[in-house]
Amino acid sequence: KKELMKRESIRMSRTEVKKYIDSFFNRPVFKADEMKKIKRSAMKHNIKLGFYKKFFCKNCLSQLKGKIRIKKTHKVVFCEKCGQKNRLRI
């Protein structure tokens, strides 16, 4: 028989998760897989990522880089990897 290994999950409080998210976004470079974990933990602990939404693509969750267009009410950033339009209020 194969023994299934249970995932060991580290329980963190809401304030610890907030500190972890802040330290994560202070890093200059991050991967989409790491961003996925951050977003998941923020949803689990009901933490809004409002200010940090401008740092990652809504579609592929990679670091947001690419062409920038500025209009009267929005800043539009085209993702370099997937080509998704990310609209941000000015």
Original post:
In terms of the angle between their ring planes, are Phe30 and Phe25 parallel, tilted or perpendicular, with boundaries placed at 30° and 60°?
Top reply: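 Correct class here is perpendicular.
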
Original post:
How are the rings of Phe51 and Phe55 set to each other: parallel, tilted or perpendicular (split at 30° and 60°)?
Top reply: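 Perpendicular, since the angle between the ring planes exceeds 60°.
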
How long is the span from the [atom1] atom in [X] to the [atom2] atom in [Y], to the nearest 0.5 Å?
X: Lys36; Y: Lys31; atom1: NZ; atom2: NZ; answer: 15.0 Å
X: Ile38; Y: Asp33; atom1: CD1; atom2: CG; answer: 12.0 Å
X: Ile47; Y: Lys44; atom1: CD1; atom2: NZ; answer: 11.0 Å
X: Gln84; Y: Cys57; atom1: CD; atom2: SG; answer: 5.5 Å
X: Arg89; Y: Thr73; atom1: CZ; atom2: OG1; answer: 8.5 Å
X: Lys39; Y: Ile21; atom1: NZ; atom2: CD1; answer: 12.0 Å

Taking the side chain as every heavy atom from C-beta outward, state whether [X] and [Y] have any pair of such atoms under 4.5 Å apart.
X: Lys37; Y: Leu61; answer: no
X: Gln63; Y: Phe56; answer: no
X: Asp22; Y: Lys19; answer: no
X: Tyr20; Y: Met12; answer: yes
X: Lys18; Y: Arg14; answer: yes

Quick check: closest heavy atoms across [X] and [Y], and the distance to 0.1 Å?
X: Lys58; Y: Asn86; answer: N-OD1, 3.1 Å
X: Lys81; Y: Cys60; answer: CB-SG, 4.4 Å
X: Leu64; Y: Lys54; answer: CD2-O, 3.6 Å

Subject >> Val77 reachable from Tyr52 in the ILVMFWY side-chain graph, under 4.5 Å edges >> reply: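 No, Tyr52 and Val77 fall in different hydrophobic clusters.
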
Subject >> Joint hydrophobic cluster, Ile90 plus Phe78, side-chain heavy atoms closer than 4.5 Å >> reply: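 No.
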
Original post:
Can you find a side-chain donor-acceptor pair between Arg87 and His74 that sits under 3.5 Å?
Top reply: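 Arg87 vs His74: donor-acceptor pair found between side chains.
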
**OP:** Give a yes or no answer on whether the side chain of Asn46 reaches the backbone of Ala42 with a donor-acceptor pair at less than 3.5 Å.
**Re:**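 Not a single qualifying donor-acceptor pair exists.
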
Subject >> With Glu16 via salt bridge (Lys or Arg N to Asp or Glu O under 4.0 Å) - residues at least two apart >> reply: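 For Glu16, no residue satisfies salt bridge (Lys or Arg N to Asp or Glu O under 4.0 Å) once neighbours in sequence are set aside.
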
